[in-house]
2 protein chains.
Amino acid sequence: MNKGDRISQGNVQAGAPKLRKDAERNRRRIIEATREVIAELGVHAPVDEIAKRAGVGVGTLYRRFPDRTELIETVFLERAQRYLDTAREALRHEDAWEGFRTYLERLCAMQAEDRVVTDVLTLNLPDSPRLVELRYRIHSTQNRLIRAAKQQGALRADFTPEDVVLLLVAHAAIVQSLGDEAPESSPRFLALALDALRPDGAAPLPSAPRPDRLVKAMQRPPVVVRRRPGGTP
Amino acid sequence: MNKGDRISQGNVQAGAPKLRKDAERNRRRIIEATREVIAELGVHAPVDEIAKRAGVGVGTLYRRFPDRTELIETVFLERAQRYLDTAREALRHEDAWEGFRTYLERLCAMQAEDRVVTDVLTLNLPDSPRLVELRYRIHSTQNRLIRAAKQQGALRADFTPEDVVLLLVAHAAIVQSLGDEAPESSPRFLALALDALRPDGAAPLPSAPRPDRLVKAMQRPPVVVRRRPGGTP
DNA sequence: GTCGAAACGGAACTAAGAGTTCCGTTTTTT
DNA sequence: AAAAAACGGAACTCTTAGTTCCGTTTCGAC
């Protein structure tokens, strides 16, 4: 490493030494590029692509973020937060069903325009307590939405929070395999899904997957943020 | 290549010279192993895994099948055929709705126990006219199922064949990300999906994706059967 | 039973990614 | 103008996967 280079973190911390003007500008560009690129390509997006989009060399990127993970995490948490905000907003609807419907619609729209949203649902950064906490809040907000919609009689009684996961996993696949070429697929699927949630005339459902299993299943492949494939031996 | 080695094809053709006994036995083992392995891992399954499962060296495998693609294709077409059989059987139900429902259920079950089924739906082998033809037959059989179920008034009128694709893509994702850990997910999802198809009280759907676009979307990534990453320059 | 052809196994080679480092050059700052 | 900081991107490493090569083993015809 060169003399002047210094390891620092993506999130400027209190008391961090000020960056040179060009460095600060590049830091912002990198974060912005990361947002864009992983929205399109998902968290697996290669570093080179991010650097290119930011108009910066990879070296520059690594000077600011000690590794790929550090960089991704910044953006990842941002998204999780937005996810939570969506749930909370939905809760403010006075019509509970409308609130729930809006929630699903917004989530699907987010999935369609940003692949990371799906990843937030699915993946765990290694050791990110903050993400765990955000997920917890998302879930409990979501539960309140569901309960309210059921009480109102607008949502089938045997619907469970796990079903939301099923729908989102399903919709993610629709968007990922069909989204670009056949964008009508997403709204079409969502509309069908909503019809499945009506209480009237609903056939009884087989039992829902256990939540803990579901969580385990979704967090399974730590494939996401691989550490050190190359580099230091 | 050694003197004795000879390029031949996976499917024994008329007039092909007879294989030695051990060779013939290995050839069968390889095909069987391929079936098993790609059922579990999908068409991307590495050749080494297949060879290992067959209890055979990779060399042996390549002596019989000039390349990976050749091998996969054999099994792939077998599956596509079974897919078609399922559709045809469903057509024999006297109750059209039952037929259609059974069709979907069988398809989902097949997806759950064999990843290749999804691949058959999604992917094209390079230059496989036979697969194209099978697909065509599958589609037309499926269309008859749908028409009959609608006429009987058991299936919502705005349902289209494209919706079957949506459901299968969605279900494939459910099985792939949740299947192992939370096997209840698949039947649960299917039951919800079937409820979405009821004609009574169905909300009007947004327009379906155009079939040609859908086909294009699904056949997009020719990622599947990559040719020559290494090997002959 | 022997011997040549056929087949075998699996190490080694090639290619394509992808993350990380290194260092000669450029830009800021004082 | 000089020193410090930052820059860019080629080069290096590791991984994964398809394919070939060749010394060794097995089969089958005589």
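Below, chain A is the first sequence line, B the second, and so on; all start at residue 1.
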Q: From NZ of B:Lys18 over to P of C:dA7, roughly how many Å is that when rounded to an integer?
A: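 Nearest whole value for this atom pair: 13 Å.
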Q: Considering residues at least two apart in sequence or located in another chain, which fulfil the salt bridge (Lys or Arg N to Asp or Glu O under 4.0 Å) criterion with A:Asp22?
A: A:Arg20
Q: Check side chain to side chain contact (heavy atoms under 4.5 Å, CB included) between A:Asp114 and all other residues, then give those that pass, not counting sequence neighbours.
A: A:Ala39, A:Arg79, A:Val116, A:Val117
Q: Tell me the interatomic distance from B:Ile50, atom CD1, to D:dG18, atom P, rounded to whole angstroms.
A: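 The answer, rounded to whole Å, is 8 Å.
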Q: List for me each residue that meets side chain to side chain contact (heavy atoms under 4.5 Å, CB included) alongside A:Thr86, sequence neighbours excluded, and say none if there are none.
A: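 Side chain to side chain contact (heavy atoms under 4.5 Å, CB included) check on A:Thr86 returns A:Tyr103, A:Arg106, A:Leu107, A:Met110.
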Q: Mind calculating the distance between CD1 (A:Ile72) and C1' (C:dA18) to the nearest angstrom?
A: 13 Å
Q: Could you state the CD-P distance from A:Glu49 to C:dG19, rounded to the nearest angstrom?
A: 11 Å
Q: Which of these, A:Leu71, A:Thr69, A:Leu131, A:Thr34, sits in a side-chain contact (heavy atoms from CB on, under 4.5 Å) with A:Phe76?
A: A:Leu131
Q: One thing to verify: whether A:Arg27 and A:Glu24 come together as a salt bridge, which I'm taking to mean a side-chain N less than 4.0 angstrom from a carboxylate O.
A: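 A salt bridge is present here (some side-chain N lies under 4.0 Å from a carboxylate O).
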Q: Expressed in angstrom and rounded to an integer, what is the separation of B:Leu61 atom CG from D:dT20 atom C1'?
A: 13 Å
Q: Pull out every protein N or O sitting under 3.5 Å from an N or O of nucleotides 9-11 of chain D, one pair per line with the distance.
A:
residue: D:dG9; atom: N7; partner: A:Gly59; partner atom: N; Å: 3.3
residue: D:dG9; atom: O6; partner: A:Gly59; partner atom: N; Å: 3.3

Q: Measure the shortest side-chain to side-chain distance between B:Arg130 and B:Glu73 over non-hydrogen atoms and say whether it is less than 4.5 angstrom.
A: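 They are not in contact (no side-chain heavy atoms under 4.5 Å apart), so the answer is no.
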Q: Using OP1 and OP2 only, check whether a side-chain N or O of B:Tyr62 sits under 4.0 Å from D:dT20.
A: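 Answer no for this pair, as no side-chain N or O of B:Tyr62 is under 4.0 Å from OP1 or OP2.
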Q: Specify the separation, in whole Å, of atom CZ of B:Phe65 and atom C1' of D:dG18.
A: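 About 16 Å, once rounded to whole Å.
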Q: Between C:dA18 atom C1' and A:Lys52 atom NZ, what is the distance in whole Å?
A: 14 Å
Q: Sequence neighbours left out, what passes salt bridge (Lys or Arg N to Asp or Glu O under 4.0 Å) with B:Glu162? Give chain and number order.
A: none
Q: Do any N or O atoms from the side chain of A:Asn26 and from the backbone of A:Ala23 form a donor-acceptor pair under 3.5 angstrom?
A: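 Side chain of A:Asn26 to backbone of A:Ala23, a donor-acceptor pair under 3.5 Å: no, none is there.
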Q: Roughly, in whole Å, what's the span from CD in A:Glu24 to C1' in C:dT28?
A: 15 Å
Q: So if I apply the side-chain hydrogen bond (donor to acceptor under 3.5 Å, both in side chains) rule between A:Glu32 and each of A:Arg28, A:Arg29, A:Arg35, which one comes out positive?
A: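 Running side-chain hydrogen bond (donor to acceptor under 3.5 Å, both in side chains) over A:Arg28, A:Arg29, A:Arg35 with A:Glu32 returns exactly one hit, A:Arg35.
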Q: Output a table of nitrogen or oxygen pairs between the protein and nucleotides 26-30 of chain D separated by less than 3.5 Å.
A:
residue: D:dT26; atom: O2; partner: B:Arg20; partner atom: NH1; Å: 3.2
residue: D:dT26; atom: O2; partner: B:Arg20; partner atom: NH2; Å: 3.2
residue: D:dC27; atom: O4'; partner: B:Arg20; partner atom: NE; Å: 3.4
residue: D:dC27; atom: O4'; partner: B:Arg20; partner atom: NH2; Å: 3.2
residue: D:dG28; atom: OP1; partner: B:Lys21; partner atom: N; Å: 3.2

Q: Please confirm whether the shortest side-chain N or O distance from B:Asn26 to OP1 or OP2 of C:dC8 is below 4.0 Å.
A: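 Yes.
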